[in-house]
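Right, one structure below, let's go through it.
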Protein chains: 2
Amino acid sequence: MSETIEQKCLSKGVKLTDQRKVIAQVMSASTDHPNVDELYNRVSKIDSKISIATVYRTVKLFEESGILAKHEFKGDKARYEELNEGHHDHLIDVKSGEIIEFVDEEIEKLQKKVAEKYGYTLVDHKLELYGIKKK
Amino acid sequence: MSETIEQKCLSKGVKLTDQRKVIAQVMSASTDHPNVDELYNRVSKIDSKISIATVYRTVKLFEESGILAKHEFKGDKARYEELNEGHHDHLIDVKSGEIIEFVDEEIEKLQKKVAEKYGYTLVDHKLELYGIKKK
DNA sequence: GTAGATGCAAAGTATTTGCGACAAG
DNA sequence: CTTGTCGCAAATACTTTGCATCTAC
């Protein structure tokens with residue numbers, strides 16, 4: 001069981017305002033990958049006075065603090081998800097937009113190997129698979 | 001030796017205007033991955049009357065026709081490159097912004113395998129490695 | 001008490017689009 | 001000819017920011 005977003009804020013010295021608590025709570029409760037609009041809508045239901053500017057400022061702050069991950073899938077708006085230990089990549093259903101998370105150690109290893117081959121130390125990567133569901 | 005962009009336009013039924021010829025020519029001559037601004041600047045040197053709206057319209061059309069590939073690297077604007085047979089992925093130098101193209105058959109195979117595992121047929125993918133040059 | 005956070009509205013970016021004029025097939 | 005394209009400027013979509021006020025620590 002990993003730390004809550006609020007605990008992460010404390011340990012990273014991020015000031016915990018009411019607005020941030022609500023945003024943290026909504027992100028933790030989300031099993032999908034909401035974009036800023038969706039997040040703002042969910043947050044508004046809990047506290048309608050929170051502005052969208054605060055939502056933007058907060059996801060940016062959380063991303064920089066390593067609390068959230070930002071994804072920019074093909075032709076779509078930026079989406080966010082809570083970041084926990086286990087790194088994973090995404091398989092996107094091009095018809096429905098459904099997002100499946102997966103882990104493949106072998107691919108991870110090969111990526112590192114490719115970077116090394118060109119004289120680089122891998123610091124980050126992005127792997128997205130786009131597929132159509134088989135019948 | 002593969003087809004020129006102009007040949008591709010003909011075979012795909014894309015009308016060849018003067019503006020499109022210039023944009024095609026600039027893209028073919030580019031060894032980097034220009035964004036729309038950069039492309040517009042280069043195009044303007046050849047024909048200063050071409051508007052940026054036309055550049056946007058053309059890269060979109062070329063992308064939809066499978067002539068150009070659009071890339072959206074982390075936190076950067078959309079970049080374009082000419083699409084030829086050999087598919088490749090990108091290794092981005094996070095310090096300099098330099099982009100290295102690479103191919104790794106093994107990773108490609110594993111991607112297909114992952115998609116299959118979840119019951120999907122892989123139709124597209126995006127793999128970007130971000131690294132720091134070793135000294 | 002003070003540095004940093006918020007809400008609001010205005011300003012930025014990047015990109016798209018309506019429209020009348022124009023050109024390719 | 002006719003359909004699609006162009007240039008222009010206005011519109012849109014998403015995100016950031018200046019400023020006065022407020023709040024966590």
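The figures that follow rest on heavy atoms only: side chains count, while hydrogens, waters and symmetry mates do not. Residue numbering restarts at 1 for every chain, and letters A, B, ... go by the order of the sequence lines.
- Within 4.0 Å of B:I52, counting heavy atoms only, lies no atom of the nucleic acid at all.
- If you measure from atom NZ of B:K49 to atom P of D:dC6, you get 13 Å, rounded to the nearest angstrom.
- Rounded to an integer number of Å, the gap from B:R20 CZ to C:dA23 P is 15 Å.
- Shown here are the salt bridge (Lys or Arg N to Asp or Glu O under 4.0 Å) partners of A:D37, two or more places apart in sequence or in another chain: A:K77.
- A donor-acceptor pair is defined here as one N or O able to donate and one able to accept, closer than 3.5 Å; no such pair exists between the side chain of B:Y120 and the backbone of A:L129.
- Between B:K70 atom NZ and C:dA14 atom P there is a gap of 13 Å when expressed in whole angstrom units.
- A:D47 has its CG atom 16 Å from the P atom of D:dC22, to the nearest Å.
- At whole-Å resolution of the value, OH in B:Y80 and C1' in C:dA14 are 11 Å apart.
- The phosphate of C:dA23 (OP1 or OP2) has no side-chain N or O of B:Q19 nearer than 4.0 angstrom.
- Here C:dA24 is the nucleotide among C:dA24, D:dC25, D:dG7 with the atom lying nearest to any side-chain atom of B:T17.
- By the 6.0 Å contact criterion, NZ on B:K45 is open, its count of non-hydrogen atoms from other residues, nucleotides or ligands being 12 or less.
- Atom CZ in A:F62 sits roughly 11 Å away from atom P in C:dA5 (whole-Å rounding).
- The side chain of A:L16 sits closest to D:dC25 out of C:dT16, D:dT16, D:dC25.
- Of the two residues near DNA chain C, B:A53 and B:K77, the one whose nearest nucleotide lies more 5' is B:K77.
- Distances were taken from every side-chain heavy atom of B:K60 (C-beta onward) to each of C:dA24, D:dC6, C:dT16; the shortest belongs to C:dT16.
- In this structure, A:E63 atom CD and D:dT16 atom C1' are separated by 15 Å, rounded to whole Å.
- Listed in residue order, the members of residues 23-46 of chain B having a heavy atom less than 4.0 Å from DNA chain C come to none.
- Cation-pi geometry between B:K117 and A:F102 is not satisfied (NZ or CZ under 6.0 Å from the ring centre, within 45° of the ring normal).
- A:K12 NZ: more than 12 foreign heavy atoms inside a 6.0 Å radius.
- Listed for the A:Q7 side chain is a donor-acceptor partner under 3.5 Å among the backbone atoms of A:T4.
- Remark on DNA chain C: of its neighbouring residues A:K15 and B:K15, the 5'-side contact belongs to A:K15, judged by nearest-heavy-atom nucleotide.
- Ranking D:dC8, D:dT16, D:dT5 by closeness to the B:S51 side chain, first place goes to D:dC8.
- Rounded to whole angstrom, the span from the CG atom of B:L61 across to the C1' atom of D:dT5 amounts to 10 Å.
- In this structure, A:H71 and A:F73 have parallel ring planes: the angle between them is below the 30° cut-off, well short of the 60° mark.
- Using a 4.0 Å cut-off, some side-chain N or O of A:Y56 falls inside it from OP1 or OP2 of D:dT15.
- Using cut-offs of 30° and 60° on the angle between ring planes, the pair B:H88 and B:H33 is perpendicular.
- One cannot find a donor-acceptor pair under 3.5 Å joining the base of D:dG4 and the side-chain atoms of B:R57.
- In this structure a side-chain-to-backbone donor-acceptor pair under 3.5 Å is missing from B:N84 to B:G86.
- Across the helix from C:dG1-D:dC25 to C:dG25-D:dC1, the helix axis at one end is tilted relative to the axis at the other end by 50° (nearest 10 degrees, each axis from five pairs).
- The closest donor-acceptor contact from the side chain of A:K8 to the backbone of A:I67 lies at 3.5 Å or more, if one exists at all.
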